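Reading through the structure tokens given below for one structure.
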Amino acid sequence: MVTKTARKKASKLYTGSAYYPEQWPEERWKKDIRLMSEAGFNVARLGEFAWSALEPSAGRFNFGWLERAIAQLTKAGIETVLSTPTAAPPAWLVEQYPDILALDENGRRVQFGNRCHYCVNSPEFHEATRRLVKKIAETFGTNPHVIGWQIDNEYNRYCYCPHCQQLFHEYLAQRYGTLDELNRRWTTAYWSQTYDAWEQIPMPIGPHNPGLMLEFKHFMTLSYRRFQRLQIDELRPHLKKNVWITHNFMYWHDGYDHYEMSEDLDMASWDWYVGMGHLDYQTDGAAHDLVRGYKRKNFWLMETQPGNVNWKPVNNMLNKGEARTMAWHALGHGADAVLYWQWRSPLNGQEQYHGTLLDTAGQPRLFYAEAQQVARDFSAVSSLIAGSTIKAETAILNDYDSRWSIRWQAHHKDFDYVEHLRHYYRPLAVQNIPVDIISADAALKGYKLVIAPALLILNDKRVANLKAFVRNGGHLVLTIRSGMKDEYNALLPMRQPGELTKLAGVEVEEYYALNEPVPVFGPDWNGNSYFWAERLKLLDEAGTQILARYGTSNGWLDDQAAITQHPYGKGTVTFVGAYLDDASQKLLLQQITGQAGVEPLLKTKVGVEACRRVGADHREIFILINHTRTEQTTQLPWHAAHEHLQGVEIGNTLTLAPYGIAVLTPSTISK
Ligand code: GAL
């Protein structure tokens, strides 16, 4: 496996930008690079989308310009991340092999001139990719100034061509062995869908058989993984041990299973754009924690917005100082690098109005000074922070299969899998409780609290993992829409939560999509359930505690159990049958974290975030971020601390300016 080779811990923090020297006259590069250097940047990402500049016609390579650009950057002390340019197959290639262009679900060819226009399974595209990536790897693989590689850019397109369909059939044949097995798993007797030849099976367009829809997602994951893998296989033999390979993923994109895609990578990275509006740290932190969970280690923020984007209804500028909080927020959640997209406004092309560091005249924009500040910050604490990681005692489980399945049959228009997950995340974030968002199939050792929001799909491994976790003393939270389906997206022939029923001590007698809120009463609170409610039946009357009941509503739910707690082994299972209002959810999670023995890192006012990175020597480094536009004071639980950005000793009171940051190591701990 490729992943074993490149695992060196970060030795410094990076700041930089995406740079496209091929878009500018070479005489200009010197000035660009001087300005990057003056910004304090120590990395640039190059090569992405540069296929036509690197290979102007079939097999004729032109790498000189890239070699010269890397050399100039190196001279200025800036290291390079190189991307493979496969997201932009050039016109000559498409002309030579028109089938490289993906076929959309209406059977129309995707037009040339945007990006990611390729069919991910096209043999001609694969061949051209191999040829180019091999050559790039031979030329740049051993360059000591290329510290890492990015494969392609934000994989996202599906293709519905006959070749993809044939591969889909091969995939199904391998997975199911026989058509009888497939027909059984998909219940194809329903609506006369029975197949007696693999070739009869369509690629699903719009709503379809749930089993077929889920397998199509698995097939698309496999297709992208194969495509990514073929590039890794060309690259890896030429790279030194500590040179990593990544892909820049997109936020909560669900086009494929990101855990599977990350398996072949050394490191995960992602592109974070707030887009319209402003940073919401209680929500956005979840995306960082998600990406950190792909490989359960630190990541790079490969792209972020220098002020504004160009693709939202309103492309507002971030407030002055806000980008600094974004950078620190990313770092506080496990990023080791922050790169802006992009360096300079292109004169033409589809993204003319996007934020950049330099304007069309090649002069620093106002935002440049803010990026400079971020670079100064990172450089001041690089030796302290590089190599440190995030340690969490709480995990939230994330599952693409469950998410897809729920999206296809939401049963309530406002039920969104990710939003429901974040409904559990936010009350933790506001308390400064670190969270790992990890695969539902990941090992759970070391956690005190595991929350499994809407874990609809169960398999044997998940059940065994969760049982062992609780048996050994863990606190598990199961929620609405848990344990309802198997890995073929078929309903289980048992009540929710399936094989977890014994653990939970309850079963779901009935579930209800709600057109109006239903009252939910706990001992200390009085709230509502929105969108959804499950009526819980106690199986272990003596052992199960009812934490909340439904009030009078549709008759079916009146006075029934809504939230329960049940001991199992040395641990506890809380079953949340309601989709609580925010205030009640906050109280519930305070109660649960208290029971599980999970403590906030620090107590701060809402708007001030505390994160913690832990060094290899177990040294704790606290990052405090004032996300508000007013001064904020925080009482620290220590007698004294060192603040590393200013290089000063402070007492037990910290005052942060609007959008202010502090990096603290406590001198003595007296919590
Ligand atoms: C990203 C993409 C970049 C650029 C950016 C604009 O998704 O990777 O190439 O298009 O969006 O916000």
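Order of listing sets the numbers, starting from 1, for every ligand and every atom in it. Computed over heavy atoms, backbone and side chain alike; hydrogens, waters and symmetry mates excluded. Here the structure is a predicted model, which means the values were calculated and not measured.
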Where at least one partner belongs to residues 354-365, residue pairs that pass salt bridge (charged side-chain N to carboxylate O under 4.0 Å, His left out), sequence neighbours excluded: none
When you check the gap from the basic side-chain N to the acidic O, do Arg225 and Glu263 get nearer than 4.0 Å? yes
With side-chain contact (heavy atoms from CB on, under 4.5 Å) as the test, pick out the partner of Tyr256 among Phe219, Tyr400, Phe249. Phe249
If the condition is salt bridge (charged side-chain N to carboxylate O under 4.0 Å, His left out), which residues does Asp441 pass it with, not counting sequence neighbours? Arg462
Aromatic ring pairing Tyr14/Trp300, orientation class (parallel under 30°, perpendicular over 60°, tilted between): tilted
Scan for side chain to side chain donor-acceptor pair (under 3.5 Å) pairs involving residues 308-321, sequence neighbours excluded, and state none if there are none. Asn319-Tyr659
Distance filter under 4.0 Å, heavy atoms only, around ligand 1 gives Phe49, Arg115, Asn153, Glu154, Asp271, Tyr273, Glu303, Trp311, Trp341, Glu351, His354
